[in-house]
4 protein chains.
Amino acid sequence: MVRTRDLILVEALKLFSEKGIKETTIRDIARAVGITEGAIYRHFHSKDQIVYELFEKYSAELYEIMEESLKEKTSDEMRFRTMIEAFLNFAFNNPDAFRYMNIFHYLREKQVRRVKKLPFNLLSKVIGDLEEKGILKIEPEYALAMVTGTLERVFLYRSMGIIKGRKKVIAKKTAQLLWNSLIEYNGGKN
Amino acid sequence: MVRTRDLILVEALKLFSEKGIKETTIRDIARAVGITEGAIYRHFHSKDQIVYELFEKYSAELYEIMEESLKEKTSDEMRFRTMIEAFLNFAFNNPDAFRYMNIFHYLREKQVRRVKKLPFNLLSKVIGDLEEKGILKIEPEYALAMVTGTLERVFLYRSMGIIKGRKKVIAKKTAQLLWNSLIEYNGGKN
Amino acid sequence: MVRTRDLILVEALKLFSEKGIKETTIRDIARAVGITEGAIYRHFHSKDQIVYELFEKYSAELYEIMEESLKEKTSDEMRFRTMIEAFLNFAFNNPDAFRYMNIFHYLREKQVRRVKKLPFNLLSKVIGDLEEKGILKIEPEYALAMVTGTLERVFLYRSMGIIKGRKKVIAKKTAQLLWNSLIEYNGGKN
Amino acid sequence: MVRTRDLILVEALKLFSEKGIKETTIRDIARAVGITEGAIYRHFHSKDQIVYELFEKYSAELYEIMEESLKEKTSDEMRFRTMIEAFLNFAFNNPDAFRYMNIFHYLREKQVRRVKKLPFNLLSKVIGDLEEKGILKIEPEYALAMVTGTLERVFLYRSMGIIKGRKKVIAKKTAQLLWNSLIEYNGGKN
DNA sequence: CATGAATGAGGTTTCATTCAT
DNA sequence: TATGAATGAAACCTCATTCAT
């Protein structure tokens with residue numbers, strides 16, 4: 001079955017995001033899937049392959065979702081806010097994946113750079129565009145820090161129960177307030 | 001020597017922040033200090049004690065620096081901005097410690113809760129105060145997410161070379177823009 | 001193979017009874033079995049598990065042998081003597097196990113109490129019964145001391161070559177003399 | 001001070017008898033004495049020296065007490081019973097030493113043989129004498145097993161609270177019943 | 001494809017002993 | 001005599017990976 005391979009990814013993701021990568025053993029994964037250790041090596045030739053493939057997979061997925069959201073040709077504001085919402089909706093609907101991506105990021109910076117479709121790059125690009133259009137209130141590097149940092153924390157605080165409310169609403173609010181924080185008010189003409 | 005104990009903490013911190021906690025072995029630490037593995041156990045009874053003690057130590061240190069910064073009785077704005085600057089200056093001057101604290105946080109949420117002097121608590125309290133005074137533009141949970149997230153990312157992007165400039169200037173800019181993002185403009189009367 | 005697990009128990013028992021528990025290393029056991037240390041941990045999750053399981057196993061075995069011997073409904077004397085003989089025959093045929101049980105007993109009193117099928121309990125009960133029937137010449141606690149002590153020493157002295165003779169004969173003689181020492185002579189009417 | 005050396009022996013004995021020899025570390029002993037590890041090596045050149053010296057010391061002590069008790073020229077019965085009582089009184093008054101001797105015995109049979117003044121030898125000799133005089137009811141090897149075994153167990157059961165009563169009384173009773181068990185009744189003419 | 005026993009390298013920890021002070 | 005840091009060997013245990021079945 002093609003299924004087993006996917007199951008391994010699913011369970012590995014859960015465990016990695018809960019306990020950490022090094023803290024999760026091949027045995028843990030095998031047990032969670034309901035197979036034995038050896039079987040895993042039919043599908044992946046090392047633990048590291050699972051680790052890396054998961055990151056790549058979800059990076060690309062989030063990247064594409066965000067990319068898609070940018071295609072809607074409306075105002076800058078709507079493009080930005082839609083993208084932020086897409087980002088957060090992905091995080092809320094794939095908490096394991098999102099949490100895992102952060103953990104991976106922290107411990108494997110070098111490997112991160114090898115990944116092509118990095119959500120960070122899209123965020124970076126969109127903010128760069130706003131800057132070029134002269135509608136950014138603050139320096140783009142700071143804007144990037146504010147956006148990425150806030151997104152991560154909103155996700156985290158929601159999963160910790162600090163931020164409450166429906167997913168969609170949280171996403172909308174966050175997009176709104178980030179936009180307000182970044183953009184020079186010009187009477188709504190952007 | 002009283003020195004060895006401190007040396008162990010120093011080298012462990014470096015390694016933990018570079019490679020991660022589990023990825024750093026007692027042997028790594030011993031080599032960095034220039035002693036043998038066994039010797040470490042005269043000073044700490046387990047690797048975990050080192051891990052925890054480091055977190056506690058730097059949490060308390062940052063906490064106290066922030067607390068101190070709050071004592072200056074001036075305007076709300078100055079209190080807030082001074083605290084943010086104190087936070088970032090600490091991070092910039094103790095990059096290993098700050099990076100380590102984030103790693104620890106991600107993997108050891110349960111242990112984090114046992115720590116008394118948590119910088120997060122102070123940030124939380126200050127934002128709560130602003131809320132009570134009615135000068136917060138956004139909901140306090142979101143404000144907290146924005147502040148903590150931005151601080152972490154500004155530190156990260158500076159250490160990655162994305163954000164450039166002198167430490168003090170970065171800290172000032174960040175404090176300024178966070179204040180602006182959080183606060184209802186009222187003609188400068190806060 | 002199901003075999004390996006048993007082999008580990010067999011070799012561990014030998015080594016424990018020869019050199020002591022703490023004095024026997026996992027490596028010793030692994031070598032004796034012809035595997036590597038790590039392999040042991042597929043079958044037992046700790047050295048302590050081996051240690052405890054061995055005690056439990058042989059305690060239960062001896063207990064059941066003694067219990068069985070008591071089922072033969074004959075005179076008190078025959079029941080007692082048969083049980084003593086069963087006890088010694090077990091010891092003579094499983095010298096490692098018996099020696100091990102004594103070592104374990106000495107060093108791990110607390111764990112001993114957790115074991116359900118303790119031969120001691122059966123000896124205790126049988127002597128209690130004799131006491132209730134009023135045919136015991138001496139106080140039951142002393143009788144118990146005499147019986148257990150003598151059994152242990154007869155085993156020991158035989159294995160040291162001090163006591164000679166065929167197993168069966170030694171067992172019979174011991175049973176006889178213990179009975180005589182415990183029981184009020186009443187013309188053979190018990 | 002000569003004192004420290006003795007203190008080390010005292011504390012080592014306590015710990016060995018409580019936890020076992022291997023289970024007791026030099027550090028444990030040092031702490032109990034109130035000195036540091038290195039200091040112990042001023043007085044003993046190895047842990048093993050402590051272990052062996054303790055056994056030798058208390059073996060000799062018990063041996064001499066028993067020897068002394070034999071000097072009183074009275075009847076065989078009184079000699080035997082006095083010796084048994086001396087043995088038990090020693091055990092009751094030096095429970096750590098007695099318990100330790102048994103542990104040592106179990107794990108270090110080879111070293112035991114090197115010791116000259118072994119209480120076992122005296123017991124053996126006295127029983128041999130009774131045999132030669134033809135007043136032994138049972139074979140001397142069995143008599144020896146019964147005597148040594150019973151003594152050990154009476155001590156053990158008393159320390160476990162199974163056998164109750166005043167030390168002296170227990171010793172007297174034990175001596176009496178062992179004599180009765182060993183000796184052919186001949187109308188009290190021994 | 002899957003099993004699960006086994007390997008082998010390496011991790012954490014313990015501890016008798018040494019040694020500079 | 002005593003300290004206590006340090007050594008070094010060895011203990012227990014873990015785990016990614018391999019392999020015969």
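This one's a predicted model, so the numbers in the text were calculated from it and none came from an experiment. What you see below is based on every heavy atom in this structure, not just the backbone, and it leaves out hydrogens, waters and symmetry mates. Below, chains carry the letters A, B, ... as their sequence lines are ordered, and counting in each starts from 1.
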Quickly work out the [X] [atom1] to [N] [atom2] distance and round it to whole Å.
{"X": "Phe44(B)", "N": "dT14(E)", "atom1": "CZ", "atom2": "P", "result": "15 Å"}
{"X": "Arg31(B)", "N": "dG11(E)", "atom1": "CZ", "atom2": "P", "result": "9 Å"}
{"X": "Lys47(B)", "N": "dC13(F)", "atom1": "NZ", "atom2": "C1'", "result": "15 Å"}
{"X": "Ile21(D)", "N": "dC15(E)", "atom1": "CD1", "atom2": "P", "result": "15 Å"}
{"X": "Ile26(D)", "N": "dA5(F)", "atom1": "CD1", "atom2": "P", "result": "18 Å"}

Under a 3.5 Å cut-off for both distances, is [N] Watson-Crick or wobble paired, and to whom?
{"N": "dG8(F)", "result": "dC15(E)"}
{"N": "dG10(E)", "result": "dC13(F)"}
{"N": "dA20(F)", "result": "dT3(E)"}

Is the distance from OP1 or OP2 of [N] to the nearest side-chain N or O of [X] less than 4.0 Å?
{"X": "Ser46(B)", "N": "dT12(E)", "value": "no"}
{"X": "Arg42(C)", "N": "dA6(E)", "value": "no"}
{"X": "Tyr41(B)", "N": "dT13(E)", "value": "yes"}
{"X": "His45(B)", "N": "dT14(E)", "value": "no"}

(request) Between Gly34(C) and Thr25(B), name the one whose nearest nucleotide on DNA chain E is closer to the 5' end. (result)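 So the residue in question is Gly34(C).
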
(message) One thing to verify: whether Arg5(C) and Glu53(C) come together as a salt bridge, which I'm taking to mean a side-chain N less than 4.0 angstrom from a carboxylate O.
(response)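 Salt bridge present between Glu53(C) and Arg5(C).
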
(request) Quick one: closest heavy-atom pair of Leu107(A) and Gly20(B), and the distance? (result)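 Taking Leu107(A) first and Gly20(B) second, the nearest heavy atoms are CD1-CA, 3.7 Å.
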
(request) State, to 0.1 Å, how close Tyr100(C) and Phe55(C) come at their nearest heavy-atom pair, and which atoms those are. (result)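 Distance-wise, the nearest heavy atoms are CE2-N, 3.7 Å.
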
(message) With side chain to side chain contact (heavy atoms under 4.5 Å, CB included) as the test, pick out the partner of Ile21(B) among Ile50(B), Asp48(B), Val51(B).
(response)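 The residue from Ile50(B), Asp48(B), Val51(B) that satisfies side chain to side chain contact (heavy atoms under 4.5 Å, CB included) with Ile21(B) turns out to be Val51(B).
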
(message) Between dT21(F) and dC1(E), how far apart are the two C1' atoms, rounded to whole Å?
(response)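 Those two atoms are separated by 13 Å.
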
(request) Name the residue closer to the 5' end of DNA chain F, choosing between Glu37(C) and Ile40(B) according to the nucleotide with the nearest heavy atom. (result)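 Nearest-nucleotide comparison on DNA chain F picks Ile40(B).
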
